[in-house]
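The structure appears below as structure tokens.
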Amino acid sequence: MDLGLQGKVALVTGASQGIGRAVAELFGQEGACVALADIRREAAEQAAEGMRSKGQRAVALDCDVSRSDSVAKAHSQTIAALGEIDILVNNAGVGPPYLGKRIVEMPEEHWDVMLGVHLKGAFLWIRQAAPGMIRKRWGRIVNLASIHGISGGRPGIANYAAAKAGIEGLTRTASLELAASGITVNCVAPGFTRTPMLAVKPEMEEMMLRQTPRGALAESFDIAQAIVYLSSTQAAHITGETLRVDGGRFSYFLEPK
Ligand SMILES: NC(=O)c1ccc[n+]([C@@H]2O[C@H](COP(=O)([O-])OP(=O)(O)OC[C@H]3O[C@@H](n4cnc5c(N)ncnc54)[C@H](O)[C@@H]3O)[C@@H](O)[C@H]2O)c1
């Protein structure tokens with residue numbers, strides 16, 4: 001299937017490792033020009049260099065997605081290097097040390113950082129990139145949600161679950177505002193995925209495998225495939241949707257105990 005991504009300009013936040021890096025690499029393989037925006041610029045530069053060594057077009061950008069000035073600067077740099085953005089993937093995320101505290105003991109900073117990177121970051125980037133897509137009358141936006149935003153997850157992740165549930169609301173409203181301009185806005189909600197953020201320890205892995213009916217954790221590439229499909233010309237009629245990519249994990253929550 002031709003995904004129609006040849007020559008499209010894709011910006012991926014948090015693209016230096018994990019899911020974001022896999023998305024950037026898959027876009028590169030499909031012929032897209034890729035901007036890898038990350039707060040860890042050197043790591044993003046290494047990822048971009050790996051792509052360029054395969055003959056792909058890729059640039060690394062220094063960007064803290066939670067700051068509007070940083071987003072505006074990275075946006076201008078993308079346009080200068082590659083052109084107006086066609087595809088935006090809001091993937092940047094943080095986990096520990098901002099996770100693990102129940103609400104009654106959660107420092108305000110944990111709330112602010114989590115909501116700032118995941119939810120405000122997605123808002124800032126959509127606000128920045130959507131006008132260019134509206135002018136072109138074509139665009140794709142994919143936001144990273146999580147099964148924990150759907151289920152609540154477990155005690156100690158209220159800030160993460162709230163941010164991810166918020167991303168789904170943001171996505172649905174953005175899809176309504178942008179649909180008539182040929183822009184789709186969707187979420188991908190991964191289950192347990194083997195990345196640096198998850199940092200799977202052996203004792204955790206057994207629990208995660210038990211809770212995943214497929215009996216395997218996702219690799220970054222499994223999530224990236226779904227994101228790239230939703231970014232394709234083929235996915236024109238899918239908008240405001242959340243696609244769970246979780247090996248059946250969500251259904252596990254619904255099992256009678
Ligand atoms: N790994 C999982 O099991 C899982 C499950 C569900 C959802 N997700 C979501 O998928 C996304 C990617 O997760 P991952 O597991 O690949 O994480 P990761 O920690 O491996 O990668 C996150 C990336 O975001 C970057 N980043 C952090 N703060 C940033 C900021 N302020 N500005 C720009 N970049 C920043 C990091 O440098 C890193 O490159 C996240 O939104 C995460 O919440 C992951």
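Indexing begins at 1, ligand by ligand and atom by atom, following the structure's order.
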Problem set entry | Proximity flag Arg194 to ligand 1, non-hydrogen atoms under 4.0 Å | no
Exercise. Is a salt bridge present between Lys136 and Glu84, judged by a nitrogen-to-oxygen distance below 4.0 Å?
Worked result: no
For this session: Considering only non-hydrogen protein atoms, determine which one is nearest to atom 14 (P) of ligand 1 and report residue, atom name and distance to 0.1 Å.
Result: Thr195 OG1, 3.6 Å
Exercise. Can you list the atoms of ligand 1 that are under 4.0 Å from a heavy atom of Tyr160?
Worked result: 6 (C), 7 (C), 8 (N), 9 (C), 42 (C), 43 (O)
Seminar exercise, completed: Counting heavy atoms under 4.0 Å, the part of Ala145 that contacts ligand 1 is backbone
Exercise. What atoms of ligand 1 come closer than 4.0 angstrom to any heavy atom of Gly191?
Worked result: 3 (O), 5 (C)
For this session: Answer yes or no for Lys8 and Trp138: cation-pi contact, defined as NZ/CZ to six-membered ring centre under 6.0 Å and angle to ring axis within 45°.
Result: yes
Exercise. For atom 31 (N) of ligand 1, what's the nearest protein heavy atom and its distance?
Worked result: Asp64 OD1, 2.9 Å
Exercise. Any idea which atoms of ligand 1 are less than 4.0 Å away from a heavy-atom of Gln17?
Worked result: 18 (P), 19 (O), 20 (O), 21 (O), 38 (C), 39 (O)
For this session: Could you tell me whether Ile79 atom CD1 has more than 12 heavy atoms of other residues or ligands within 6.0 Å of it?
Result: yes
For this session: Quick one: do His148 and Arg154 satisfy side chain to side chain contact (heavy atoms under 4.5 Å, CB included)? Show the steps, please.
Result: CA-CA 8 Å; His148 291 327; Arg154 61 177 180 277; 3.7 Å; yes
Problem set entry | Test: Glu205 and Arg194 ion pair at under 4.0 Å | yes
Problem set entry | Sub-3.5 Å N/O-N/O distance, Ser66 and ligand 1 | no
For this session: Consider only side-chain N and O atoms of Lys101 and His110, and report whether a donor and an acceptor are under 3.5 Å apart.
Result: no
For this session: Check the pair Leu99, Asn159 against side chain to side chain contact (heavy atoms under 4.5 Å, CB included), reporting the backbone distance first and the verdict last.
Result: CA-CA 8 Å; Leu99 286 177; Asn159 53 348; 3.9 Å; yes
Problem set entry | atom 34 (N) of ligand 1: nearest protein contact (heavy atom, Å) | Ile39 N, 3.4 Å
Problem set entry | Glu168 with Arg172: basic N within carboxylate O range, under 4.0 Å | yes
Exercise. Any idea which part of Val65 is under 4.0 Å from ligand 1, heavy-atom wise: side chain, backbone, both or neither?
Worked result: both
Exercise. Where is the nearest protein heavy atom to atom 40 (C) of ligand 1: which residue, which atom, and how far?
Worked result: Asn91 O, 3.1 Å
For this session: Look at atom CD of Glu203 and say whether more than 12 heavy atoms of other residues, nucleotides or ligands are closer to it than 6.0 Å.
Result: yes
Exercise. Looking only at protein heavy atoms, which one is nearest to atom 6 (C) of ligand 1, and how far off is it?
Worked result: Pro190 O, 3.4 Å
For this session: For Cys63, counting its heavy atoms only, list the atoms of ligand 1 lying under 4.0 Å from any of them.
Result: 32 (N), 33 (C)
Exercise. Does the side chain of Thr171 come under 3.5 Å of the side chain of Asn143 through a donor N or O and an acceptor N or O?
Worked result: yes
Problem set entry | Numbered atoms and elements of ligand 1 in range of Ile19, under 4.0 angstrom, heavy atoms | 10 (O), 16 (O), 44 (C)
Problem set entry | side chain to side chain contact (heavy atoms under 4.5 Å, CB included) partner of Ser231, the single match among Asn186, Thr184, Val23, Val142 | Val142
For this session: Run the numbers for me: atoms of ligand 1, each under 4.0 Å from some heavy atom of Val94, listed by number.
Result: 27 (C), 28 (N)
Exercise. Any idea which protein heavy atom is nearest atom 22 (C) of ligand 1, and the distance to it?
Worked result: Gly93 O, 3.6 Å
Problem set entry | Which residue and heavy atom of the protein sit nearest atom 3 (O) of ligand 1, plus the separation | Thr193 N, 2.9 Å
Exercise. Does any donor atom in the side chain of Asp38 or Ser16 lie under 3.5 Å from an acceptor atom in the other side chain?
Worked result: yes
For this session: With heavy atoms only and a cut-off of under 4.0 Å, state how His118 meets ligand 1: side chain, backbone, both or neither.
Result: side chain
Problem set entry | Contacting atoms of ligand 1, where contact means under 4.0 angstrom from a heavy atom of Pro196 | 20 (O)
Exercise. Going by an N to O cut-off under 4.0 Å, is there a salt bridge joining Glu49 and Arg52?
Worked result: yes
Seminar exercise, completed: Nearest non-hydrogen protein atom to atom 17 (O) of ligand 1, with distance, is Met197 CB, 3.2 Å
For this session: Please confirm whether Gly95 comes under 4.0 Å of ligand 1, counting heavy atoms of the residue only.
Result: no
Exercise. So with a 6.0 Å cut-off around CD of Glu42, is the heavy-atom count from everything else above 12?
Worked result: no
For this session: Any atoms of ligand 1 less than 4.0 Å from a non-hydrogen atom of Asp38? List them with their elements.
Result: 25 (C), 34 (N), 36 (C), 37 (O), 38 (C), 39 (O)
Problem set entry | Under-4.0 Å heavy-atom contact with ligand 1, by part of Arg21 that carries it | neither
